[in-house]
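What follows is a set of notes on a single structure, which appears directly below.
Worth saying up front: this structure is predicted, and the values here are computed from it rather than measured. Per chain, numbering begins at 1; letters A, B, ... match sequence-line order.
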Protein chains: 2
Amino acid sequence: MMKCTKCTSADAVMRAGFIRGRQRFFCKSCDYHFTDNKALPAPERKRHQTTISDVAKVLGVAPSTVSRALNGHSDINSNTRQAIIDVARQLDYQPNLLAQSLKSSETKTIGVVIPDIERPFFATAISGIQQVVTEAGYRVMICQSKESYEVEVSNVQALIASRVDGLLICHSRETQNFDHVKPLACRGIPVVHFDRVSNEVDSAKVILDDWNGAFNVTEHLIEQGAQRIAILAGPESLLISRNRLAGYQHALKRNQMPLRPEYEVHIEFQPEEAVAALDAWMALPEPPDAIFAINYTNAFDLLVALKKRGLRVPDDMAVVGFGDEFMASMIEPGLTTVDLHPYRIGQQAARLFLEQMRLKEDFQPRTFVISGDLVIRQSSLKGKGNYFKLEI
Amino acid sequence: MMKCTKCTSADAVMRAGFIRGRQRFFCKSCDYHFTDNKALPAPERKRHQTTISDVAKVLGVAPSTVSRALNGHSDINSNTRQAIIDVARQLDYQPNLLAQSLKSSETKTIGVVIPDIERPFFATAISGIQQVVTEAGYRVMICQSKESYEVEVSNVQALIASRVDGLLICHSRETQNFDHVKPLACRGIPVVHFDRVSNEVDSAKVILDDWNGAFNVTEHLIEQGAQRIAILAGPESLLISRNRLAGYQHALKRNQMPLRPEYEVHIEFQPEEAVAALDAWMALPEPPDAIFAINYTNAFDLLVALKKRGLRVPDDMAVVGFGDEFMASMIEPGLTTVDLHPYRIGQQAARLFLEQMRLKEDFQPRTFVISGDLVIRQSSLKGKGNYFKLEI
DNA sequence: AAAAATACCGGAAACGTTACCGGAAACGGT
DNA sequence: ACCGTTTCCGGTAACGTTTCCGGTATTTTT
């Protein structure tokens with residue numbers, strides 16, 4: 001029969017059912033349950049990363065002493081400290097950030113949510129963010145919403161669950177409801193909005209000066225002699241779209257030019273829509289002689305479509321875009337745009353996060369405005385004979 | 001005088017120095033040290049996130065029971081489970097991933113190291129990675145080496161310190177030494193190389209078929225009637241550079257065309273270098289009539305430079321690139337390239353990681369080859385009168 | 001020489017979670 | 001009734017770290 005693990009006698013032992021697949025016993029004399037520990041599968045030596053106690057054991061000191069030594073605490077003898085540091089290096093000790101984070105409830109990680117990393121604007125913004133926060137010792141976790149509200153919400157939740165120290169977010173095009181970011185602010189987790197912001201949330205923001213950029217680029221077209229300027233605007237739900245439209249309108253008004261509703265077209269940024277808009281404009285009794293596309297890809301779409309139709313850019317039709325991607329300078333003719341400085345936007349957003357971490361409750365949420373710079377290329381220089389000439 | 005915290009009498013109490021700014025006392029009768037705890041600064045109610053014990057307390061059960069209920073363990077009554085789930089939802093309980101990770105030593109996070117996120121190839125590859133791993137419940141931590149070996153090493157170390165479950169890496173251009181990734185493999189942390197790989201490390205790899213791509217694109221030029229094909233190669237240290245050169249050479253040989261050393265130029269991908277190479281070629285007694293640029297940006301540089309010099313593309317000089325970025329289709333003339341499918345590369349790398357997680361030691365490192373697809377556009381279609389005509 | 005101050009170290013608790021295992025009650029079969 | 005079985009829950013230890021605080025030895029002051 002089975003021997004009791006305590007009294008080692010087998011007299012009072014009886015079976016007591018099965019538990020988790022193993023036979024269970026009960027010793028009446030000891031009043032003690034135990035299980036058949038015969039085939040304990042394996043000690044399963046899992047790979048061990050050097051810990052603070054390993055270092056402590058080598059030197060015969062307490063783990064807390066090692067911790068003090070490594071963190072430059074004062075309550076430690078300099079000889080002891082040096083010895084500990086030496087052993088730690090020798091054993092290739094690497095502090096376990098998880099344990100540290102659990103203790104300090106700081107992960108030294110920030111979350112970034114953007115619509116799409118493949119868009120140069122966001123890729124560059126992320127570079128700016130990373131440059132600033134890595135200097136401050138933060139790591140970056142990046143999520144893409146792919147312009148979906150649902151994905152954005154789950155992204156934010158995943159980041160919260162990962163206990164990020166802060167959140168930098170540019171909302172998806174769909175996002176109208178901002179309840180998913182409010183809990184963050186309540187819990188004291190810094191939130192910084194950039195590019196596409198929400199006024200519903202009381203957070204720090206970095207926006208680009210859409211109004212001014214649109215105003216400037218429109219005035220530039222007017223200076224170039226454009227008489228009838230159309231605008232290829234984005235979805236009316238998007239704040240940036242409304243702002244750019246307003247800047248455009250103001251430039252027209254300031255120059256005593258009429259606002260023509262037929263020249264204002266809202267699209268979802270799809271190439272086919274841009275082409276359709278162009279066709280509609282060209283069918284007008286008075287077609288425009290310049291187009292302001294608030295999205296740079298649509299500007300390219302227009303250039304291609306215009307060439308196909310045999311129209312000369314910029315003499316028959318000037319085109320300007322918004323957002324100075326690398327491409328704008330490479331195409332032919334070069335596209336006049338507004339450089340939005342995405343890198344600076346990212347940097348500034350990151351700096352606002354760091355500032356908020358430093359000041360905590362004393363931080364006053366504020367909005368940073370990054371102004372774009374007009375970059376003039378051939379696509380808007382009317383009447384200068386630039387078309388297909390290549391004096392860049 | 002001060003009263004002893006234990007015997008509450010003040011008779012045998014004497015001062016015993018200062019410790020951490022506070023007066024310290026010693027009770028002789030109790031043989032006990034204690035400090036002046038008068039002005040304990042504040043209870044400092046730190047923001048509390050609902051924990052498993054909070055839920056347990058509400059229902060009067062043990063934390064372990066809550067854990068079992070929430071993790072769908074079997075040893076739990078279905079009524080209890082439901083009650084716990086309800087309370088957890090009510091209290092907005094979110095498991096602390098840090099604690100879970102510390103316990104399980106799995107972070108459900110992978111690290112990705114790339115040279116530069118602003119390069120469309122890598123941005124797209126990251127999208128592919130993310131698509132696959134998020135489905136499997138992994139988060140992604142992204143680092144940029146900016147083509148610096150030192151930065152790459154510190155990136156890898158930071159990711160190890162964050163205890164990522166795996167590492168997907170594309171080495172920097174500088175990287176010749178791979179000791180920083182070897183410890184990972186030893187520790188059983190899955191490593192997957194992609195694009196730029198190292199044969200020194202025994203890891204899974206995803207590479208693109210540079211040789212074949214270069215071969216195909218060169219044969220295409222030959223088919224178009226090109227007689228003297230030059231190649232703008234990259235640094236000789238880069239494996240991809242050598243492979244593409246080899247593919248190019250093989251295509252020439254197979255077509256009984258001579259290999260001319262003066263047609264092979266290695267550059268560091270800088271625009272000025274590309275222009276200089278072009279000038280050198282044009283100064284030759286027999287200038288080339290086609291150029292294969294193994295880097296797509298250099299292909300654009302060449303197009304611009306060629307136009308400035310009044311040379312017609314493709315009739316005077318055909319140009320092909322490598323890597324089918326969005327831009328290649330937008331410029332004029334469209335650039336013939338090889339689509340490298342960066343999204344697929346990312347996906348495949350991620351899948352290899354997941355497979356390695358699943359199989360553990362049984363996983364056999366293997367190399368996946370993604371073949372590129374030739375995308376023919378105007379820049380290589382010699383003698384078809386395509387130049388500046390726009391039937392796309 | 002006694003009292004006070006300093007310097008330095010160890011032990012224990014805590015962060016939030018889960019795995020293991022034992023206890024107790026309820027249930028079932030002879 | 002008795003033994004065996006099943007069900008379900010609680011306690012404890014552990015993951016690796018840091019922080020608090022008490023203890024001891026040493027040095028300085030009165």
Mind jotting down which residue pairs meet the salt bridge (charged side-chain N to carboxylate O under 4.0 Å, His left out) criterion with at least one end in residues 156-171 of chain B? Sequence neighbours excluded, please. none

Quick test of your reading: applying salt bridge (charged side-chain N to carboxylate O under 4.0 Å, His left out), list the pairs with at least one residue in residues 55-64 of chain B, sequence neighbours left out, ordered by first then second residue. none

Taken to the nearest whole Å, CD1/B/Ile76 to C1'/D/dT6 is 16 Å

Using five pairs at either end of the helix from C/dA1-D/dT30 to C/dT30-D/dA1, determine the angle between the two local helix axes and round it to 10 degrees. 50°

Centroid-centroid distance, A/His193 to A/Phe178, less than 6.0 Å: no

The correct set of residues in residues 56-69 of chain A placing a heavy atom under 4.0 Å from DNA chain D is A/Ser64, A/Ser67, A/Arg68

OP1, OP2 of C/dG23 versus side-chain N and O of A/Tyr32: anything below 4.0 Å? no

Test: salt bridge (charged side-chain N to carboxylate O under 4.0 Å, His left out). Region: residues 88-100 of chain A. Which pairs qualify, not counting sequence neighbours? A/Asp92-B/Arg187

Quickly work out the A/Asn77 CG to D/dA25 P distance and round it to whole Å. 16 Å

Ordered by number, residues from residues 84-91 of chain B within less than 4.0 Å of DNA chain D (heavy atoms) are none

Return yes if the base of D/dG23 and the side-chain atoms of B/Arg24 contain a donor-acceptor N/O pair under 3.5 Å, otherwise no. yes

Give a yes/no on whether any side-chain N or O of B/Thr80 is located under 4.0 angstrom from OP1 or OP2 of D/dC9. yes

